[in-house]
Each structure stands twice: as C-alpha cells, then as structure tokens.
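Following: one structure in structure tokens, then a few remarks.
Model, not experiment: these values are computed from the prediction.
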Amino acid sequence: MEKTTLKAMFGSYPKTAALKNHEIASDRVSLDIAPVDTAQKAFKDVVRNHLFDVAELAVVTYLLAYDAGHPYTLLPFVMNGNFHHKSLYSRADDVFSAADLRGKRVAMRSYSQTTPTWVRGILSDEYGLKMQDVQWWSQEGAHVAEYKDPDGVQGLDKTLGLEQALLDGKVDAIIAGGAIENKDKLRHVIDNPQASAREWNQRTGVIPINHVVVVKNELVRQHPDAVAEVYRMLVESREAAGAEGVNELQPFGFEKLDLSLRKVIDYAYDQQMIKKRYAPDELYGDVLNILK
C-alpha cells in the first residue's frame with residue numbers, strides 16, 4: 001500500500017515526542033512534521049496560507065477560521081488545556097473582586113485569543129459580568145485575517161507591555177496566560193484561583209480547552225483512512241508519554257470533548273466573535289463517521 005504523505009504541524013510536548021521522533025509506525029501515513037516547537041508561531045500559516053494537512057490550532061482560532069470558511073475540519077483531540085481563573089491580574093495595591101470589574105478597563109494581547117475568551121466567559125457565568133459591562137482593550141488582531149473585533153473593543157499601544165500598562169494605571173486589569181514578571185506588584189483578581197478553578201471544573205464538568213487538532217477538508221473527503229490513521233497516531237503518541245501525556249486537561253474522543261466544546265462555542269458566540277452558535281457535529285463533519 002502506498003503511503004499518504006501529509007504535511008503536519010504540532011508543538012513540542014511529551015505527548016508529541018513519539019510522533020516527532022518517528023516512533024509511531026504506520027503503513028498508511030507518512031507525516032512530514034514542520035520544525036516547529038511553539039505551535040502559536042505557525043497558526044497564521046494554518047489559517048492564512050493553509051500550509052498543513054493536519055495541524056495544532058487554538059480552539060478559538062479554529063472557530064474563527066471555520067466561521068470565515070477556511071477549509072479545516074476538527075478532530076476530537078485536545079493538544080492542551082489550562083485553567084484560566086489565574087490569568088486575570090490587577091495591581092497589588094488595587095484590591096477589588098471579579099464582580100467589581102464593571103466599568104473597569106481590562107487589557108489583553110488579543111481579544112481573539114483563547115485564554116481571554118475563557119476568562120470573559122467565566123466572568124459572565126460566575127460573576128454576572130456581560131460584555132458591555134467592561135471596557136476591553138486589545139493590542140493585536142487575530143490570526144484569522146477576516147476576523148474583526150466587536151464594536152467597543154479598544155486598541156492599546158502595541159509597544160507597551162501589558163504589565164507595564166497595568167502598573168502605569170492605563171488599565172485596571174490584564175488577562176495574561178503566560179508567566180508574569182512583576183509577581184510582587186500584581187495580584188490575582190479571582191481569589192485562590194487554583195481552588196476556584198477546581199471547584200468550577202468539578203461543578204460544571206467543563207475542561208478549558210486551549211489547543212486542538214484540525215485536518216484539511218480535502219483530506220477528509222479524499223483520504224478518510226488517512227484521517228483515521230492520523231488520529232490513531234496522535235492517541236498512541238499521547239499514551240506513549242505516560243502520566244504526563246494523559247493529563248485531565250487533554251481529553252480526546254467525541255464524548256469527552258462535547259461539554260467543553262459546546263461551552264467554548266457558546267462563549268465565542270456570546271462575545272460576538274462568530275456569527276452562529278455552531279453544533280459540535282458541524283465542526284467535525286464527516287470525521288464523525290470516519291472515527292466511529
């Protein structure tokens with residue numbers, strides 16, 4: 001049987017190590033994996049240039065791309081997730097609760113990022129804050145070229161670091177998913193964020209998905225067996241990583257993703273980022289039949 005060669009892009013994690021090291025054998029598929037360690041750096045190549053047959057992509061970036069008609073179908077495989085109650089910061093000397101954010105200025109690198117989408121959704125569900133209650137400030141546009149931020153989202157100087165903007169009093173809070181440099185000068189807006197996130201997760205059953213895997217529509221139509229094989233290889237690579245590779249924030253399979261996927265779709269729609277509240281089945285398309 002002649003192998004189908006696919007151009008692929010995944011970040012470097014324990015769960016992708018076996019794939020990248022060619023330790024997962026296949027007589028159907030050969031993966032030409034791009035030399036990318038940080039997947040975010042190649043997101044534009046996915047949603048603007050369509051360079052890859054199979055790729056890792058932030059879930060909200062995928063929703064925006066699907067909404068704009070880009071040719072990718074979702075696989076039921078989470079590459080990573082993270083709790084985001086800890087991602088909302090204010091100045092250490094400016095103490096207020098999440099419910100007190102009404103009328104305040106909240107900045108982020110990009111309104112269309114996945115982390116701010118989860119944070120805004122949690123603020124709405126848990127603290128009663130609607131989009132119009134808060135002044136949202138964003139520094140960058142989206143990876144998806146067609147996407148435009150909702151009316152009311154204001155632009156913040158790109159040259160100014162988020163932490164510095166907060167410390168200088170230009171904004172009241174920031175959403176930052178990465179490491180914080182000024183830990184002694186900042187505080188979490190949500191008290192005991194890790195415990196709050198765990199309680200929220202146990203109560204709602206929602207897993208805050210960050211990155212997923214997508215495949216080209218053409219591949220789904222013309223080589224369904226290759227799609228099934230890629231999914232098998234992803235799962236086996238994940239399992240080869242052991243305990244770290246089967247983290248609770250990295251589920252796979254239609255049933256395990258369903259509740260969380262529906263929640264992030266709701267958030268993206270409610271925050272005026274996509275035109276329709278899509279059903280998961282629409283995003284999976286024929287992958288539903290291929291993998292069942």
Legend entry - Pairwise distance CD1(Ile209) to CG(Leu261) - rounded to 0.5 angstrom: 5.5 Å
Legend entry - Spacing of Asp225 atom CG and Leu219 atom CG [to the nearest 0.5 Å]: 8.5 Å
Inset, instruction - Using the test ring-ring contact (aromatic ring centres under 6.0 Å, His included), find all partners of Phe83 that sit at least two apart in sequence or belong to another chain. - result: none
Inset, instruction - Kindly determine whether Asp53 and Lys7 satisfy salt bridge (Lys or Arg N to Asp or Glu O under 4.0 Å), including the steps that lead there. - result: CA-CA 5 Å; Asp53 300 299; Lys7 294 185 69 174; over 6 Å; no
Inset, instruction - Start with the C-alpha distance between Lys185 and Leu167, add both sets of side-chain angles, then the distance that settles side chain to side chain contact (heavy atoms under 4.5 Å, CB included), and finish with yes or no. - result: CA-CA 8 Å; Lys185 298 178 181 179; Leu167 293 173; 3.8 Å; yes
Legend entry - Within residues 184-203 or reaching into it, pairs that qualify as ring-ring contact (aromatic ring centres under 6.0 Å, His included) - sequence neighbours excluded: His85-Trp200, Tyr89-His188
Legend entry - Residues Asp270, Lys130: salt bridge by 4.0 Å N-O rule: no
Legend entry - Any residue meeting side chain to side chain donor-acceptor pair (under 3.5 Å) with Tyr147, in chain and number order, not counting sequence neighbours: Asp149
Legend entry - Atom pair OG1/CG of Thr117 and Asn210 - distance to nearest 0.5 Å: 10.0 Å
Legend entry - Heavy-atom donor-acceptor pair, Tyr66 side chain to Glu282 backbone, under 3.5 Å: yes
Side-chain donor-acceptor pairs of residues 31-43 under 3.5 Å, sequence neighbours excluded:
{"residue": "Asp37", "atom": "OD1", "partner": "Ser12", "partner atom": "OG", "Å": "2.6"}

Legend entry - Salt-bridge criterion met for Asp266 and Arg262 (N-O under 4.0 Å): no
Inset, instruction - Please tell me if the side chains of Leu234 and Phe10 come closer than 4.5 Å, counting only heavy atoms from C-beta onward. - result: yes
Inset, instruction - Evaluate the criterion side chain to side chain contact (heavy atoms under 4.5 Å, CB included) for residue pair Phe254 and Val287; output intermediate values, then yes/no. - result: CA-CA 10 Å; Phe254 298 113; Val287 166; 4.1 Å; yes
Legend entry - Path from Leu166 to Ile190 over hydrophobic side-chain contacts below 4.5 Å: no
Legend entry - Lys256 side chain reached by Val78 side chain, heavy atoms, under 4.5 Å: no
Legend entry - Ser112 side chain to His143 backbone, donor-acceptor under 3.5 Å: no
Legend entry - Candidates Asn201, Leu257, Val264, Leu259 - the one meeting side chain to side chain contact (heavy atoms under 4.5 Å, CB included) with Ile207: Asn201
Inset, instruction - Output yes when Asp157 and Lys170 qualify as a salt bridge under the 4.0 Å nitrogen-oxygen rule, no when they do not. - result: no
Inset, instruction - Treating Ile, Leu, Val, Met, Phe, Trp and Tyr as nodes and any side-chain heavy-atom pair under 4.5 angstrom as an edge, say whether Met131 and Ile174 lie in one connected cluster. - result: no
Inset, instruction - Using side-chain contact (heavy atoms from CB on, under 4.5 Å) as the criterion, list what pairs up with Arg221, not counting sequence neighbours. - result: Asn217, Glu218
Inset, instruction - Please list, chain by chain and in numerical order, all residues satisfying side chain to side chain donor-acceptor pair (under 3.5 Å) with Lys86, sequence neighbours excluded. - result: Asn82
Inset, instruction - For Lys276 and Asp67, work out which heavy atoms get closest and say how close. - result: N-OD1, 4.1 Å
Inset, instruction - On the 0 to 90° scale, with breaks at 30° and 60°, tag the Trp118-His84 ring pair as parallel, tilted or perpendicular. - result: parallel
